[in-house]
Amino acid sequence: MRHFHRPCSPWILLCTCVFGTLALTGCQGTQSETAGQAVAPPTAEHYRAFQRADRLAAYLRSSPNPLVSAHRGGPDAGFPENALQTFGHALTQGPVLLEIDVRMTKDSVLVLMHDDTLARTTTGRGAVQAQILKEIRSVQLVTNTGTPTRFEVPTLSEALAWAEGRAVLQLDIKEHVPRSRVAAALQRQDALDQALVITYTLEDAKWYHQRLPDLVLSASAETREDASALVQRIDPSRLLGWVGIGEVADGPAEVFSENRVPIAVGTFGETDRQARNQGLIVYHRLFNQGVDVVSTNEPALASQAAATYAP
């Protein structure tokens with residue numbers, strides 16, 4: 001893991017500007033709508049597989065390069081959010097972690113869906129929790145531009161099966177999903193070596209840690225006190241510390257760094273927009289501040305930043 005707050009040399013700034021310009025030019029020239037067309041297979045060299053949960057935890061703590069998390073699975077032109085096909089596309093861009101959203105249907109099946117309704121991301125309508133899986137399977141996912149695809153809403157079980165031997169999933173558990181069902185799904189598929197759970201409260205983090213002590217948890221901290229409470233009650237080797245969106249919250253980041261907890265920041269929104277305009281240097285600045293993982297809507301660009309970063 002990287003140390004919190006690190007100066008950036010002028011040479012690195014010059015290199016990142018050059019690489020950033022090349023990366024932006026390449027990305028703009030290759031995007032095209034692919035909805036309904038054949039999907040390229042993921043790049044095997046970008047696969048990440050671990051035999052045990054402790055090896056996953058060690059990877060997050062000691063990766064030689066910063067890590068990139070594809071927000072909502074890495075939606076792109078022709079590829080909708082939270083789709084298995086989108087995960088494969090994201091893995092053509094780099095060895096990314098895949099952040100996905102989990103909701104529950106009326107018949108208690110865990111599926112991948114960010115919103116509480118189907119309207120924005122599918123051809124359907126209505127609340128997710130008001131429909132059974134068969135009904136949700138009858139609709140197709142749509143891209144962020146509203147283009148229908150031939151892709152179905154996947155279940156969490158299918159996502160875990162797809163990710164086995166390929167990628168690490170970060171599960172963002174939405175409201176009204178019982179923690180017990182998430183824990184049971186992970187145990188049933190022996191998935192603690194390929195998945196971590198995102199938690200937003202100390203209570204949630206403690207609940208999962210007490211029942212699945214090997215499970216890695218992404219835990220949010222807004223203050224130094226929040227971070228201290230987490231490292232006192234959760235094994236620090238099983239933590240990924242989330243410290244903000246767009247910038248690093250100094251207090252929690254310092255506590256996490258002192259306890260060798262890797263630090264994560266979200267760049268979706270304004271920071272990703274800046275990166276599209278300014279290049280890789282935007283992500284490199286975060287890496288210089290000790291950020292180990294960026295959660296981004298630009299996984300291709302952030303992956304290039306991680307691969308070219310030199311501390």
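Judged purely by atom type and a 3.5 angstrom limit, R260 has no side-chain atom pairing as donor or acceptor with the backbone of P236. Listed for the T43 side chain is no donor-acceptor partner under 3.5 Å among the backbone atoms of E45. Side-chain atoms of D107 come within 3.5 Å of backbone N or O of L133 as a donor-acceptor pair. A donor-acceptor pair under 3.5 Å links the side-chain atoms of T122 to the main chain of L118, judged by distance alone. Although no hydrogens or angles enter the test, the distance criterion places no donor-acceptor pair under 3.5 Å between the side chain of T143 and the main chain of P80. Distance alone, capped at 3.5 Å, is enough to place a donor-acceptor pair between the D226 side chain and the T223 backbone. Side chain of T149 to main chain of L141: a donor-acceptor pair is present (N/O by atom type, distance under 3.5 Å, no hydrogens or angles).
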TODO: Check step by step if side chain to side chain contact (heavy atoms under 4.5 Å, CB included) holds for S63 and D292.
DONE: CA-CA 8 Å; S63 172; D292 299 285; over 6 Å; no
Open item on the list: Let's go through V261 and L230 carefully: what are the C-alpha distance in whole Å and the side-chain angles of both, what is the deciding distance for side chain to side chain contact (heavy atoms under 4.5 Å, CB included) to 0.1 Å, and is it a yes or a no?
Closed with: CA-CA 10 Å; V261 174; L230 283 164; over 6 Å; no
TODO: Given side chain to side chain contact (heavy atoms under 4.5 Å, CB included), test V291 with Y283 step by step and report yes or no.
DONE: CA-CA 9 Å; V291 172; Y283 300 114; over 6 Å; no
TODO: Take Y309 and L280, measure what side chain to side chain contact (heavy atoms under 4.5 Å, CB included) needs, and give me the verdict at the end.
DONE: CA-CA 9 Å; Y309 178 67; L280 310 185; over 6 Å; no
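Counting heavy atoms from C-beta outward, T267 and D272 have side chains that approach closer than 4.5 Å. The shortest distance between side-chain heavy atoms of R120 and N144 falls below 4.5 Å. Using a 4.5 Å cut-off on side-chain heavy atoms (C-beta onward), V243 and V265 make contact. By the 4.5 Å heavy-atom criterion applied to side chains, L91 and Y47 are counted as neighbours. Counting only heavy atoms from C-beta outward, the side chains of Q129 and D116 never approach each other to under 4.5 Å. In this structure the side chain of I198 reaches within 4.5 angstrom of the side chain of E99, judged on heavy atoms. Taking 4.5 Å as the limit, every side-chain heavy atom of P154 sits out of range of all side-chain heavy atoms of N82. Taking the side chain as every heavy atom from C-beta outward, V197 and L186 approach each other to under 4.5 Å.
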Return a table of donor-acceptor pairs under 3.5 angstrom between the side chains of residues 187-194 and protein atoms on other chains or two or more places apart.
| unit_1 | atom_1 | unit_2 | atom_2 | d |
| --- | --- | --- | --- | --- |
| Q189 | OE1 | S157 | OG | 2.8 |
| Q189 | NE2 | S157 | O | 3.2 |
| Q194 | NE2 | L160 | O | 3.0 |

What donor-acceptor contacts under 3.5 angstrom involve side-chain atoms of residues 51-58, with partners at least two apart or in another chain?
| unit_1 | atom_1 | unit_2 | atom_2 | d |
| --- | --- | --- | --- | --- |
| R52 | NE | D54 | OD1 | 3.1 |

Compile the donor-acceptor pairs under 3.5 Å between side chains in residues 202-220 and protein atoms, sequence neighbours left out, one pair per line.
| unit_1 | atom_1 | unit_2 | atom_2 | d |
| --- | --- | --- | --- | --- |
| D204 | OD1 | R179 | NH1 | 2.8 |
| H209 | NE2 | D235 | N | 3.3 |
| R211 | NH1 | W207 | O | 3.2 |

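Under the 4.5 Å side-chain heavy-atom criterion for ILVMFWY residues, no single connected hydrophobic cluster contains both V142 and F87. A chain of hydrophobic side-chain contacts below 4.5 Å, direct or via other Ile, Leu, Val, Met, Phe, Trp or Tyr residues, connects V182 to W162. By the criterion of side-chain heavy atoms lying less than 4.5 angstrom apart, applied directly or through intervening Ile, Leu, Val, Met, Phe, Trp or Tyr residues, F268 is not grouped with L240; the two fall into different hydrophobic clusters. W242 is not connected to I100 by any chain of hydrophobic side-chain contacts under 4.5 Å among Ile, Leu, Val, Met, Phe, Trp and Tyr, and they are in different clusters.
Minimum interatomic distance between A167 and L98 (heavy atoms only, all atoms of both residues): CB-CD1, 3.8 Å. When all heavy atoms of S69 and V293 are compared, the closest pair comes out as CB-CG1, 4.2 Å. Across every non-hydrogen atom of P299 and Q93, the tightest pair is CG-OE1, 3.3 Å. Shown here for Q170 and L97, the closest heavy-atom pair between the two residues is OE1-CB, 3.7 Å. Between H284 and A305, the shortest heavy-atom contact is NE2-O, 2.7 Å. Of all heavy-atom pairs between T271 and G246, the closest is OG1-CA, 3.1 Å.
Within a 6.0 Å sphere centred on CD of Q140, heavy atoms belonging to other residues, nucleotides or ligands number more than 12.
Remark: Y59 engages F50 in a ring-ring contact (aromatic ring centres under 6.0 Å, His included) (not counting sequence neighbours).
Residue pairs meeting the salt bridge (Lys or Arg N to Asp or Glu O under 4.0 Å) criterion with at least one partner in residues 159-175, sequence neighbours excluded, are D101-K174, R103-E175, D172-K174. Listed by first and then second residue, the salt bridge (Lys or Arg N to Asp or Glu O under 4.0 Å) pairs that reach into residues 127-148 are R137-E152, R137-E158, sequence neighbours excluded.
Here the CG atom belonging to L110 is positioned 7.0 Å from the CE atom belonging to M104, to the nearest 0.5 angstrom.
Taking the six-membered ring for Trp and thresholds of 30 and 60 degrees, H89 and F79 have nearly parallel ring planes, at less than 30 degrees apart.
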